Amino acid sequence: MTDHDSTYAGDFVRVATCYTATEAHVLRNVLVSAGLDPEVADANMAQMQPWMTVAFGGVRVLVPQSQVASARRAIEDYEAGRLVLPGEDPAPEPFATLPAPVFSIDRAALLSFALTPLFGVAVQIFNASVIGPSAQRLGHWLWLAFFLVATPGSMVLLAAGNPGSFIVLRAALSLSIFTGAWYVFSAQKQSRQLLTVYGPAYRKRSLLTPAIVAALVAMALGQVWSTLD
């Protein structure tokens, strides 16, 4: 026998306050479906004089004293979206929270077409260190090693025919096909992981400062390179 099957289950206690009769009756039906014995008070008053609802304290949802704990749990489940109707899909699991903000790998990939793919891979490795073991991949470091060879190699080839202070930018553009391949086969996986696990509103850092620093380094390197030539 449940606690509400007894003859006297205690005085009625308010477990919720609503500002429309409709909302109160919806909540009452939620509690009824949980096997409780709720009552709605002041619904008629709210319907006759809705402008006075706040003044007389709203429409009350009441349950016997012995059912208060069960009612509050049912209301909490209802408000959290954990109640599921027959044939209805369960509510999706909430997104996880990042331990610290990370950079947008998609934006970093776009900047890599001008700042060399070394910039994007460095951002990817930083993000992986924040996300944790699930994002640590040997492939990140292999891409870094590849671009550490390919970027200066491209600069040497370009400088042989047409040296100039924009040699780093030209090298980055010449590696565009490899930058695109890196994004498709590596960086895009991190982007999907961030969206799937942490949601589209995951905590982001601004790329402004790293991009400015990388651009200044590229310009300085170009000036030094042109001086050597």
Side-chain angles (χ1 to χ4, degrees), residues 89-226 228-229:
D89 293 331
E93 291 295 325
F95 290 119
T97 302
L98 275 166
V102 297
F103 297 110
S104 168
I105 190 63
D106 296 320
R107 294 175 184 174
L110 288 175
L111 290 170
S112 296
F113 287 99
L115 299 176
T116 79
L118 287 171
F119 177 80
V121 177
V123 167
Q124 182 184 29
I125 292 174
F126 172 84
N127 285 355
S129 70
V130 173
I131 297 171
S134 65
Q136 300 290 350
R137 302 234 197 294
L138 175 61
H140 300 169
W141 295 98
L142 292 177
W143 279 106
L144 180 64
F146 171 76
F147 286 124
L148 281 172
V149 174
T151 302
S154 177
M155 292 171 62
V156 170
L157 291 175
L158 291 170
N162 183 19
S165 57
F166 293 100
I167 187 68
V168 177
L169 173 61
R170 289 161 53 211
L173 294 176
S174 70
L175 292 171
S176 293
I177 188 170
F178 297 105
T179 303
W182 158 73
Y183 178 76
V184 170
F185 294 109
S186 182
Q188 193 175 51
K189 294 179 181 178
Q190 186 177 88
S191 177
R192 289 173 178 168
Q193 180 184 16
L194 287 168
L195 291 174
T196 302
V197 179
Y198 303 103
Y202 65 86
R203 301 165 65 194
K204 295 184 180 71
R205 288 176 179 265
S206 172
L207 275 168
L208 180 61
T209 299
I212 291 175
V213 171
L216 292 175
V217 170
M219 291 174 62
L221 182 59
Q223 289 293 334
V224 171
W225 198 286
S226 62
L228 293 176
D229 290 332

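The model shown is predicted, which means the values in this text are computed figures rather than measured ones. Starting from 1, each residue takes its place in the sequence as its number.
At least one side-chain heavy atom of L194 sits under 4.5 Å from a side-chain heavy atom of I131. Put simply, the side chain of T97 does not reach to within 4.5 Å of the side chain of Y198, judged on heavy atoms. Under the 4.5 Å side-chain criterion, counting only non-hydrogen atoms from C-beta, L221 is in contact with M155. Using a 4.5 Å heavy-atom threshold, the side chains of F147 and W182 count as touching. Between F119 and T179 the shortest side-chain heavy-atom distance does not fall below 4.5 Å. The shortest side-chain heavy-atom distance between W141 and I125 falls under the 4.5 Å cut-off.
Using modelled atom types, one side-chain atom of Q190 and one backbone atom of Q124 make a donor-acceptor pair closer than 3.5 Å. Not one N or O on the side chain of S186 forms a donor-acceptor pair closer than 3.5 Å with the backbone of Y183. Side-chain atoms of R205 do not come within 3.5 Å of backbone N or O of V102 as any donor-acceptor pair. Judged by distance alone, the side chain of S176 and the main-chain N or O of L173 form a donor-acceptor pair under 3.5 Å. Judged by distance alone, the side chain of R203 and the main-chain N or O of L98 form a donor-acceptor pair under 3.5 Å. The backbone N or O of A150 lies less than 3.5 Å from no partner atom in the side chain of S154, so there is not a single donor-acceptor pair.
The aromatic ring centroids of F178 and F146 lie less than 6.0 Å from each other.
Within a 6.0 Å sphere centred on CG of L216, heavy atoms belonging to other residues, nucleotides or ligands number more than 12. Annotation: F126, atom CZ; neighbour count of heavy atoms from other residues, nucleotides and ligands within 6.0 Å is above 12.
The two residues A172 and T116 make their nearest non-hydrogen contact at CB-N, 3.4 Å.
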